[in-house]
Each structure stands twice: as structure tokens, then as C-alpha cells.
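Let me begin by presenting the structure, written as C-alpha cells, before commenting on it.
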Amino acid sequence: MSQGINVVGLYVDDQDAALAFYVDKLGFRVHTDVRNGPYRWLTVQHPEQPSFQLGLFQPGPPHPR
């Protein structure tokens, strides 16, 4: 069983700009990019650390249940 941190969230003002920076400048690749209305779950990972994901999340109010 693998233990450790799998996803770390980072709040960004602009998800597309952050995505371009991590992919184009730092060599990360997109792991997950899913939209649900205005919410977007976006994670990237570095090719040398495939079990670790960096979540690029936009701050906002909580979503109603």
C-alpha cells in the first residue's frame, strides 16, 4: 500500500494561465481537467512523479448542496 500525499491544492486567480505556466514552462502534464458548471477540477503532474498531483483551483464561495 502506497502512503503519502497524492494531491496538493494551489489556489490560482486564472486557471488557464496557471495551466499554461505549469505545462509550457515547467514541463508538467494535465492529469485531470473536469468541469461541473462553473466549477473546474484541474490537476497537473510532473512526468518524474506520476503519483503526485498539483491541483490548480480557483477560489470562490462554497457550492450549495
Side-chain angles (χ1 to χ4, degrees):
M1 176 183 212
S2 177
Q3 293 184 352
I5 297 173
N6 293 325
V7 178
V8 170
L10 177 66
Y11 286 105
V12 298
D13 289 328
D14 184 334
Q15 286 179 305
D16 291 321
L19 178 62
F21 174 75
Y22 280 96
V23 171
D24 298 338
K25 301 286 184 184
L26 300 181
F28 283 66
R29 60 181 171 221
V30 176
H31 181 272
T32 307
D33 190 354
V34 177
R35 294 175 191 259
N36 184 7
Y39 181 75
R40 182 180 183 188
W41 180 268
L42 175 62
T43 65
V44 294
Q45 66 185 168
H46 194 275
E48 295 178 8
Q49 291 184 305
S51 64
F52 176 78
Q53 297 174 46
L54 181 62
L56 305 174
F57 305 128
Q58 192 166 7
H63 297 281
R65 291 182 185 209

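Computation of the quantities below employed the complete heavy-atom set of this structure, encompassing side-chain atoms and omitting hydrogens, waters and symmetry-equivalent molecules.
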Transitively linked via ILVMFWY side-chain contacts under 4.5 Å: [X] with [Y]?
| X | Y | value |
| --- | --- | --- |
| Leu42 | Leu10 | yes |
| Val30 | Leu54 | yes |
| Val23 | Leu56 | yes |
| Tyr39 | Val12 | no |

Within a reach of under 6.0 Å around CG of Leu26, are more than 12 heavy atoms found that belong to other residues, nucleotides or ligands?
-> yes
Please indicate whether Asp13 has more than 12 foreign heavy atoms, meaning atoms of other residues, nucleotides or ligands, lying under 6.0 Å from its CG.
-> no
Which residues satisfy the ring pair (Phe, Tyr, Trp, His ring centres under 6.0 Å) test with Tyr22, sequence neighbours excluded?
-> Phe28
Please list, chain by chain and in numerical order, all residues satisfying ring pair (Phe, Tyr, Trp, His ring centres under 6.0 Å) with Phe52, sequence neighbours excluded.
-> none
Might you point out which heavy atoms bring [X] and [Y] nearest each other, and give the distance in Å?
| X | Y | value |
| --- | --- | --- |
| Gly27 | Pro47 | O-CD, 3.3 Å |
| Pro50 | Gln45 | O-NE2, 2.7 Å |
| Gln15 | Phe57 | NE2-CA, 3.8 Å |

Does any N or O in the side chain of Gln53 come within less than 3.5 Å of the main-chain N or O of Val7, such that one atom is a donor and the other an acceptor?
-> no
So, the side chain of Thr32 versus the backbone of Thr43: is there a donor-acceptor pair under 3.5 Å, distance only?
-> no
Please identify each residue that fulfils side chain to side chain donor-acceptor pair (under 3.5 Å) with Asp33, with sequence neighbours left out.
-> Arg40
How far does CG of Asp24 sit from CG of Leu19, to the nearest 0.5 angstrom?
-> 7.5 Å
